[in-house]
Amino acid sequence: MTVTQRRGRRIMMTPAELDAFLTEQRTCRVATVSADGRPHISALWFAWDGTALWLYSLTRSRRWAELSGDPRLAVIVDDGHDYGELRGAELSGEAAFVGEAPRSGAPCPELDAPERMFAAKYFGLDAMPHDGRHAWLRLIPDTVSSWDFRKLPQG
């Protein structure tokens with residue numbers, strides 16, 4: 001992962017801050033590119049394992065179809081209400097499809113940890129409930145930019 005931040009270094013998150021932020025946040029915005037080059041943005045729940053962002057997507061969605069044709073992906077996770085509270089991260093790279101699609105729960109060791117994290121975070125469960133409509137996308141970001149306006153001098 002490459003930190004691409006040239007500006008705003010004083011407000012960028014440390015690796016530990018970024019890890020904690022991505023672990024605690026619940027919703028991200030996912031940007032994909034259509035065949036004609038138009039951007040498409042949608043909101044998703046996600047899990048962060050310290051290296052990869054795991055997205056549980058509907059397989060019959062526009063997002064899934066676009067990523068099947070062009071795996072480039074950008075994700076924003078942000079938080080804050082007032083200007084001095086704003087913080088977030090942009091992660092970009094290529095999406096990888098992991099496991100069967102749609103996911104039925106067939107054994108897939110690579111999904112054991114993300115599914116446990118996701119099930120606990122969003123459903124309060126020990127195991128992932130599978131609905132036969134979703135499947136997993138993994139983003140190991142090539143680039144990451146972050147900001148935390150709480151680091152700005154208050155005045």
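Positions are given from 1 along the sequence. The structure presented is a predicted model; accordingly, all values stated were derived computationally and were not measured.
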Got a donor-acceptor contact below 3.5 angstrom from the D70 side chain to the R72 backbone? yes

K121 and T23 have their tightest heavy-atom pair at NZ-O, 3.4 Å

Ignoring hydrogens, what is the shortest heavy-atom contact between D142 and G93? Give both atom names and the distance. OD2-CA, 3.4 Å

Count I, L, V, M, F, W, Y as connected when their side-chain heavy atoms are under 4.5 Å apart, and connections chain through other members. Are L125 and M128 then in the same cluster? yes

Counting distance only, does the side-chain N/O of T32 pair as donor-acceptor with the main-chain N or O of E66 below 3.5 Å? no

Side chain to side chain, W48 and D19, heavy atoms closer than 4.5 Å: yes

Tightest non-hydrogen contact, residues A135 and P102, listed as CB-CA, 4.2 Å

Can you tell me if E115 and W136 form a side-chain donor-acceptor pair at under 3.5 Å? yes

Rounding to 0.5 Å, atoms SG (C28) and CG (L91) come to a distance of 9.0 Å

Counting only N and O atoms by type, is there a donor-acceptor contact under 3.5 Å from the side chain of D49 to the main-chain atoms of A52? yes

Within a reach of under 6.0 Å around CZ of R26, are more than 12 heavy atoms found that belong to other residues, nucleotides or ligands? yes

Shared hydrophobic cluster for Y56 and Y122 (ILVMFWY, side-chain gaps under 4.5 Å): yes

ILVMFWY cluster, V75 and V98 together (side-chain gap under 4.5 Å): yes

Let me confirm one number: the CD1-CD distance from I140 to E94, rounded to the nearest 0.5 Å. 11.5 Å

Does R87 use its side chain to pair, donor to acceptor, with the backbone of I11 at less than 3.5 Å? no

Roughly how far, to the nearest 0.5 Å, is CG of D78 from CZ of F21? 6.5 Å

Note: P114 and A47 closest approach over all heavy atoms is O-CB, 4.4 Å

Using modelled atom types and a 3.5 Å cut-off, is there a donor and acceptor pairing between side-chain atoms of Q25 and backbone atoms of D79? no

Test of understanding: clusters of I, L, V, M, F, W, Y form through side-chain heavy atoms closer than 4.5 Å, transitively. Do F46 and F97 belong to the same one? yes

Provide the closest heavy-atom pair for M13 versus S146 in the form atom of the first, atom of the second, distance. N-OG, 2.8 Å

Evaluate side-chain contact (heavy atoms from CB on, under 4.5 Å) for T27 paired with W45, printing each intermediate quantity in order. CA-CA 5 Å; T27 306; W45 282 348; 3.9 Å; yes

Pair R10, L152 - check side-chain contact (heavy atoms from CB on, under 4.5 Å), show working. CA-CA 8 Å; R10 70 182 179 163; L152 291 172; 3.6 Å; yes

Cluster question for you: counting only ILVMFWY and a side-chain heavy-atom cut-off of under 4.5 Å, with indirect links fine, are L55 and F123 together? yes

Has K151 got a side-chain atom pairing as donor or acceptor with M12's backbone, closer than 3.5 angstrom? yes

Distance from H40 atom NE2 to L67 atom CG, nearest 0.5 Å? 10.0 Å

Which heavy atom of D126 sits nearest a heavy atom of R116, and at what distance? O-CG, 3.8 Å

Might you work through the side-chain contact (heavy atoms from CB on, under 4.5 Å) test for R103 and C108, ending with a clear yes or no? CA-CA 10 Å; R103 181 86 172 116; C108 182; 4.1 Å; yes

Nearest 0.5 angstrom please: R29 CZ to I41 CD1, how far? 9.5 Å

Rounded to the nearest 0.5 Å, the CZ atom of R133 sits from the OG atom of S57 at a distance of 11.0 Å

Within the structure provided, determine whether L137 and W64 are in side-chain contact (heavy-atom separation under 4.5 Å). yes

Take L44 and R63, measure what side-chain contact (heavy atoms from CB on, under 4.5 Å) needs, and give me the verdict at the end. CA-CA 10 Å; L44 271 182; R63 168 185 48 255; 3.5 Å; yes

